[in-house]
Amino acid sequence: MSAAADATFADVVAPLIPTADVARLRVTQGRVIRSEWLKMRTLRSSWLTMALAIVSIPGIGIAIAWSTAHDWQRMRVREQAHFNPLADPMSGFNLAQLAVGVLGVLLIAGEYSGGMIRATLGAVPARLPVLWAKLTVFTTLTLATMLPVAVLTFFVSQRLLSAQHIQTTWDTPSVARSVIGVGLYLTVVAALSIGLGAIIRNVAGAIGVFVGVILVLPVIASALPQTWGDRINKWLPSNAGQALMSFGSDNTSLSPWRGFIVFCLYAVVAVVGAATLLRRRDA
Amino acid sequence: MIEAEDLVKNYGDNVAVDGLTFRVEPGTVTGFLGPNGAGKSTTMRMIVGLDAPTSGSVRVNGRAYRDHRAPLHEVGALLEARAVQNGRTARNHLLALARTSGISARRVDQLLELVGLSHVASKRVGGFSLGMGQRLGIAAALLGDPATLILDEPVNGLDPDGILWIRHLLRRLAREGRTVFVSSHLMSEMALTADHLIVIGRGRVIADVSVDEFTRQASSDLVYVRSPDAEQLRQLLVGPLVDVVAVAPGRLEVSGLTSDQIGDLAAEHLIAIHELIPHKTSLEEAFMQLTHDSLEYQAPAAVPA
């Protein structure tokens, strides 16, 4: 080995052993959060899915508001009666929840597909701080982006609708709760998807289960005989959670906050299950 | 320092590790040898807490790895399988690990320099060769300036330059007083790098000896002898410490005597000798003999056509 390489070696490895201060290199929850934040930022897939989530609500909402305002005079009375100035411009949340769910799954199950999880858990052998860090980073990011985006979409679309005087206002009862509910609902979706990803540990499988729970289950349940369906439907995760938004809701759904709490409980069950398995299973 | 006590790991009905007890001392390079499937990787995964032992325990620097507060400073590990996400750059991969322990970006850059990856620091690791991946893994293992290093088959995929570099690195790390535990399935590689050997087969310890001791034991030499009076010579040589096998008419295989001793004895008794060939067992052969019985999958002996 050359003298230069030896010098590098001495600088990097040798002198640290006697002086290194163990406390200085301690793993803390804050440090693990910084690590997870860096990990999320440094994968292209995170940027793509997050961009899709951010764009889908205003993209779809503003398009709907614009075209409705534009066509309003030519629309049939029945179509006009069907139009919901709050719910329709917010319908982009359906696409946003898929993007959020996929990213949540990728953040944890994606580590299992390449083996990164072994490096991660090798650095943080207590394991649970990794799960808490991923939850913190991703739910914070989701809330911090989706809430402003939902509020922005509301105001822009209402302004477009006001050309035809068919807008609603922020002060109208339950409107503010519904719009803020979009951000809250998607934040819980973020937590749920991380829980599912950690339990299933396989990207395709976890995305499949996520889509099944959020989108397919309500469709299947709606095919049940009505007496059963009415009883079961409202308790399904996405139906319960979306009660908070109460767009086009009917009296068969749970009350907004009760529904939201039920949805939160589903996420808590998934996260507790994930934590238990993460501690117990071989990585 | 690594201390394993009666370590057992079962995967269903399959016993991967079957009661390992050993100790790896600081200041030396300890080779962990065994055929493929002997349980080396499983043992290493248990040391760093990735797999939980079915029973028994293993401690690193005095406690279970999971209980260390500064784990990267205690143990640096390079495990056999890749442990990266392909879309991330080499530097960001190391930075992500460094941040969990408050290790600076400057140290990450120094380590990239040390392992010779500075020029590809901002390249995605998905495009790395096996050898570059190993170097990145070694940089990750050294991040926290660990007292104990655990490296699973580190020379895998390295070119001759890289192998030399790794040997040099391991010896140097041990000289600084660190515990260095390196697995390999190649005896020849370990003979050059290690001071001490722990040989396992089918999840059990077969030998726990210094390399010198192993070499001495291994050189229980065989001598091939060809003589027209082979039978007479056989009776003359055979004794409590001497083994003589008549391998063919007129041919003997003698162990326990040197070729000098055999030649002298034959001369004393006026027995003609046509060939006298000492054969030193190589380390690789000694290792094969040692682990022969424990091979999980053995190819059937070749049948001469």
Side-chain angles (χ1 to χ4, degrees), chain A residues 1 4-6 8-46 106 110-127 129-130 133 279-283, chain B residues 9 11 45-46 48-52 64-77 79 81-89 92-93 95-103 107 110-111 113-114 116 124-126 137 140-145 147 164-165 168-169 172-173 176-178:
Chain A
M1 201 174 251
D6 265 11
T8 315
F9 188 96
D11 289 345
V12 176
V13 184
L16 275 160
I17 259 270
T19 52
D21 174 6
V22 176
R24 201 169 51 86
L25 296 179
R26 225 166 40 203
V27 172
T28 63
Q29 185 65 63
R31 284 173 168 173
V32 180
I33 288 173
R34 289 193 62 204
S35 167
E36 290 300 331
W37 169 236
L38 181 127
K39 275 198 213 163
M40 189 170 71
R41 284 190 295 117
T42 51
L43 283 183
R44 201 185 276 163
S45 55
S46 312
L106 280 175
E111 289 209 20
Y112 283 91
S113 57
M116 180 69 196
I117 193 72
R118 287 187 287 268
T120 300
L121 299 183
V124 187
R127 295 191 178 187
V130 174
R279 268 200 77 90
R280 204 176 290 163
R281 286 192 294 206
D282 289 345
Chain B
K9 180 68 183 180
Y11 293 106
R45 291 162 54 80
M46 286 193 280
V48 293
L50 290 177
D51 284 10
Y65 182 61
R66 207 176 256 206
D67 297 334
H68 280 295
R69 305 187 73 186
L72 289 185
H73 185 58
E74 299 294 339
V75 179
L79 298 176
R82 276 164 77 87
V84 295
Q85 258 170 317
N86 287 336
R88 202 170 279 125
T89 67
N92 282 331
H93 172 72
L95 269 180
L97 296 176
R99 290 218 168 147
T100 62
S101 303
I103 295 163
R107 180 162 173 83
Q110 286 175 328
L111 279 163
E113 180 83 42
L114 176 79
R124 289 155 189 266
V125 297
L142 292 173
L143 267 180
D145 188 33
L164 225 96
W165 173 77
H168 192 88
L169 179 75
R172 183 151 195 168
L173 291 166
E176 288 163 11
R178 296 171 213 257

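A, B, ... follow the sequence lines: proteins, then strands. Residue 1 opens every chain.
Neither the backbone nor the side chain of A/Ser45 comes within contact range of chain B; no heavy atom of the residue lies under 4.5 Å from a heavy atom of that chain. Proximity to chain A (any heavy atom under 4.5 Å) is shown, for B/Ala52, by both the backbone and the side chain.
Atoms CG and CE, from B/Asn86 and A/Met116 in turn, are 11.5 Å apart once rounded to the nearest 0.5 Å. Summarising the geometry, atom NE2 belonging to B/His68 is positioned 13.5 Å from atom CG belonging to A/Leu25; distances are rounded to the nearest 0.5 Å. With rounding to the nearest 0.5 Å, the separation of CD in A/Gln29 from OG1 in B/Thr100 is 11.5 Å.
Smallest separation of non-hydrogen atoms from A/Ala283 and B/Arg45: O-NH2, 2.5 Å. The shortest heavy-atom contact between A/Val27 and B/Ser101 is CG2-OG, 3.8 Å.
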Worked verdict on B/His73 versus A/Arg26 for side chain to side chain contact (heavy atoms under 4.5 Å, CB included) = CA-CA 8 Å; B/His73 185 58; A/Arg26 225 166 40 203; over 6 Å; no

ask   = Given B/Leu50 and A/Leu121, is the side chain to side chain contact (heavy atoms under 4.5 Å, CB included) satisfied, shown in steps?
value = CA-CA 7 Å; B/Leu50 290 177; A/Leu121 299 183; 3.9 Å; yes

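Inter-residue side-chain proximity for B/Arg88 and A/Leu43 is flagged as met; some heavy-atom pair is nearer than 4.5 Å. Residues A/Asp282 and B/Lys9 form a side-chain contact, since some pair of their non-hydrogen atoms from C-beta on lies under 4.5 Å apart.
Chosen from B/Val84, B/Leu72, B/Leu97, B/Asn92, the residue pairing most often with chain A at heavy-atom distances under 4.5 Å is B/Val84. Ranked by heavy-atom pairs under 4.5 Å with chain B, the first of A/Glu36, A/Arg127, A/Arg41 is A/Arg127.
Salt bridge B/Asp51/A/Arg118: absent, no basic N to carboxylate O contact under 4.0 Å.
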